[in-house]
Amino acid sequence: MRDAHPNIFLYICKFKYSFMKEIVLSGIRPTGNLHLGNYFGAVKNFIRLQDNYNCYFFIADYHSLTTHPHPDDLHGRVRQILVEYLAAGVDPEKATLYVQSDVPEVVELYLFLNMNAYIGELERVTTFKEKVRKQPDNVNAGLLTYPTLMAADILIHKSQYVPVGKDQEQNLEKARDFAARFNNIYGVEYFPIPQAFNFGNQLVKVPGLDGNGKMGKSEGEGNAIFLAEDDASIRKKVMRAKTDSGPTEMNQEKPEPIANLFQLMSIVSKPETVQFFDDAYNNMTIRYGDMKKQLAEDMIQFVTPIREKIREIDANDEYINKVARMGAEKARESARKTIKEVREIIGFKPF
Ligand code: ADP
Ligand code: TRP
């Protein structure tokens with residue numbers, strides 16, 4: 001009995017603390033396997049956050065319908081991302097890991113937010129304009145209202161922080177606008193205004209291997225290195241990455257494809273390795289072939305343990321199903337509470 005006091009004290013503290021923890025949320029669309037861009041732009045932060053925040057991480061399968069309207073094997077792709085989240089280190093005991101379509105309350109909040117979102121502002125979102133260019137035959141209303149669905153994802157758990165890559169900055173800005181507008185219209189301080197989250201303050205952009213732009217799931221063959229990728233394929237892709245004929249002056253500024261290789265190296269290699277090739281570039285002795293070989297080996301070293309974990313978890317159906325069911329239950333509980341309160345704020349009353 002003597003040492004019961006400190007134990008009870010600790011228990012109460014822990015209990016109280018879990019209520020006080022700030023809320024973090026992020027999602028990834030099931031449109032292809034996770035790559036290094038997803039890992040370093042998003043998932044790496046998820047893992048660091050799960051110990052100290054009340055975290056919700058989900059698979060944005062509703063969102064994927066805006067670009068993949070006839071999704072072949074939608075369930076298989078959702079499952080794959082779930083496996084990859086787990087393999088990368090998301091712990092379902094610490095974070096709530098769930099599938100967006102398991103929480104239909106999100107759709108109701110999306111509807112409410114759409115009532116106060118204006119066509120003009122949605123049309124100005126860069127990712128919308130990009131998608132209009134990319135899929136002119138399928139400019140659907142879901143694409144236009146992508147930011148309101150994303151805001152609903154964030155606000156359904158009243159999240160404060162959203163760890164995402166730089167490409168999501170503007171969508172997040174819209175979520176902030178919609179949260180503030182809701183509070184303003186209904187005269188309540190209900191939704192927190194969500195903020196982007198990154199440990200280094202700067203949002204990360206991992207470049208692709210094709211010389212320009214970001215690494216992406218759908219940016220074309222050879223652009224992305226996947227967490228599940230085998231060694232031979234990584235080597236082949238890296239050796240084919242775009243370069244040029246080499247520097248023509250000492251200390252020359254690096255053109256984009258070369259700067260991208262250096263940036264990728266700074267992500268997976270040791271600082272001394274980056275320094276070695278940087279010096280070689282500056283004194284014009286660099287051999288891109290050697291640099292790429294090193295980059296490929298360092299990528300392989302990074303990816304190998306995650307790839308092995310992916311295989312292991314992928315074989316365990318029972319575990320995957322259990323994680324998904326547990327996540328859905330926890331996420332719905334929080335979502336139901338928010339929707340109930342939102343309905344009351346807007347003025348719906350049960351008869
Ligand atoms: P993709 O663009 O490959 O389809 P998603 O749009 O599903 O990937 O992105 C999921 C998460 O990964 C988002 O938080 C996004 O910001 C991040 N992300 C994707 N690509 C990159 C990248 N190249 N660099 C940094 N973060 C990225
Ligand atoms: N739009 C995000 C992407 O393409 C995915 C996403 C959907 C998301 N809903 C979200 C990210 C809510 C953060 C929070 O990457």
Side-chain angles (χ1 to χ4, degrees), residues 25-49 57-60 63-64 66-68 77-78 80-90 126-127 130-131 134 146 150 162-172 196-230 233-242 256-269 274 292 295-296 298-307 309-310:
L25 170 136
S26 195
I28 293 186
R29 292 175 308 142
T31 49
N33 291 0
L34 292 190
H35 50 74
L36 293 178
N38 299 135
Y39 184 85
F40 288 100
V43 181
K44 186 178 176 202
N45 287 335
F46 300 177
I47 295 153
R48 290 176 67 180
L49 288 163
F57 301 127
F58 72 98
I59 298 156
H63 272 112
S64 72
T66 60
T67 52
H68 297 61
R77 283 191 279 110
V78 169
Q80 178 69 16
I81 301 282
L82 190 58
V83 169
E84 291 180 350
Y85 264 134
L86 293 165
V90 173
T126 324
T127 40
E130 257 169 35
K131 289 281 152 58
K134 266 197 187 159
Y146 188 110
M150 183 158 156
V162 185
V164 281
K166 191 158 177 55
D167 58 325
Q168 295 300 311
E169 220 170 7
Q170 203 185 12
N171 281 335
L172 194 57
F197 189 95
N198 196 282
F199 284 96
N201 286 331
Q202 284 249 318
L203 294 184
V204 178
K205 178 182 148 192
V206 179
L209 286 167
D210 53 4
N212 52 52
K214 69 163 199 157
M215 183 174 285
K217 294 186 204 113
S218 37
E219 305 295 321
E221 198 33 41
N223 168 60
I225 298 290
F226 298 99
L227 299 181
E229 192 144 357
D230 65 57
S233 171
I234 294 178
R235 285 196 189 100
K236 201 158 116 194
K237 280 186 186 171
V238 176
M239 293 318 283
R240 283 193 188 153
K242 197 168 168 200
E256 193 179 357
I258 308 303
N260 286 355
L261 282 187
F262 271 94
Q263 205 190 330
L264 285 167
M265 193 168 233
S266 71
I267 288 168
V268 291
S269 306
V274 185
K292 287 178 177 181
L295 178 60
D298 291 341
M299 281 179 170
I300 288 169
Q301 210 173 40
F302 174 78
V303 158
T304 302
I306 301 181
R307 184 180 59 207
K309 249 337 267 264
I310 292 174

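The residues of the chain are indexed from 1 along the displayed sequence.
No more than 12 heavy atoms of other residues, nucleotides or ligands sit less than 6.0 Å from atom NZ of K309. Under a cut-off of 6.0 angstrom, the local environment of NZ in K292 is crowded, with over 12 non-hydrogen atoms contributed by other residues, nucleotides or ligands. In the displayed structure, E256 atom CD is contacted under 6.0 Å by more than 12 heavy atoms of other residues, nucleotides or ligands.
Looking at heavy atoms from C-beta onward, T127 lies out of side-chain contact with Y146 at the 4.5 angstrom threshold. Between Q80 and N33, some side-chain heavy-atom pair lies under the 4.5 Å cut-off. At a threshold of 4.5 Å between non-hydrogen side-chain atoms, the residues R235 and I300 count as touching. No side-chain heavy atom of L264 sits less than 4.5 Å from a side-chain heavy atom of V238. Put simply, the side chain of V303 reaches to within 4.5 Å of the side chain of I234, judged on heavy atoms.
Between the side chain of R29 and the main chain of H63, no donor-acceptor pair closer than 3.5 Å is present. With hydrogens and angles disregarded, no donor-acceptor distance shorter than 3.5 Å links the side chain of D298 to the backbone of L295. One N or O on the side chain of S26 and one on the backbone of P163 form a donor-acceptor pair closer than 3.5 Å. Between the side chain of K237 and the backbone N or O of A224, at least one donor-acceptor pair lies under 3.5 Å.
The two residues E229 and F226 come nearest to each other via the heavy atoms OE1-N, 2.9 Å. Considering all non-hydrogen atoms of both residues, K131 and T67 come closest at CD-CG2, 3.7 Å. Shown here for V268 and M299, the closest heavy-atom pair between the two residues is CG2-CG, 3.9 Å. In this structure, M215 and N223 approach most closely via the heavy-atom pair CA-ND2, 3.6 Å. Closest heavy-atom contact between N38 and K217: OD1-CE, 3.6 Å.
Taking the six-membered ring where tryptophan is involved, the planes of F302 and Y39 are perpendicular, since the angle between them exceeds 60° and thus also 30°.
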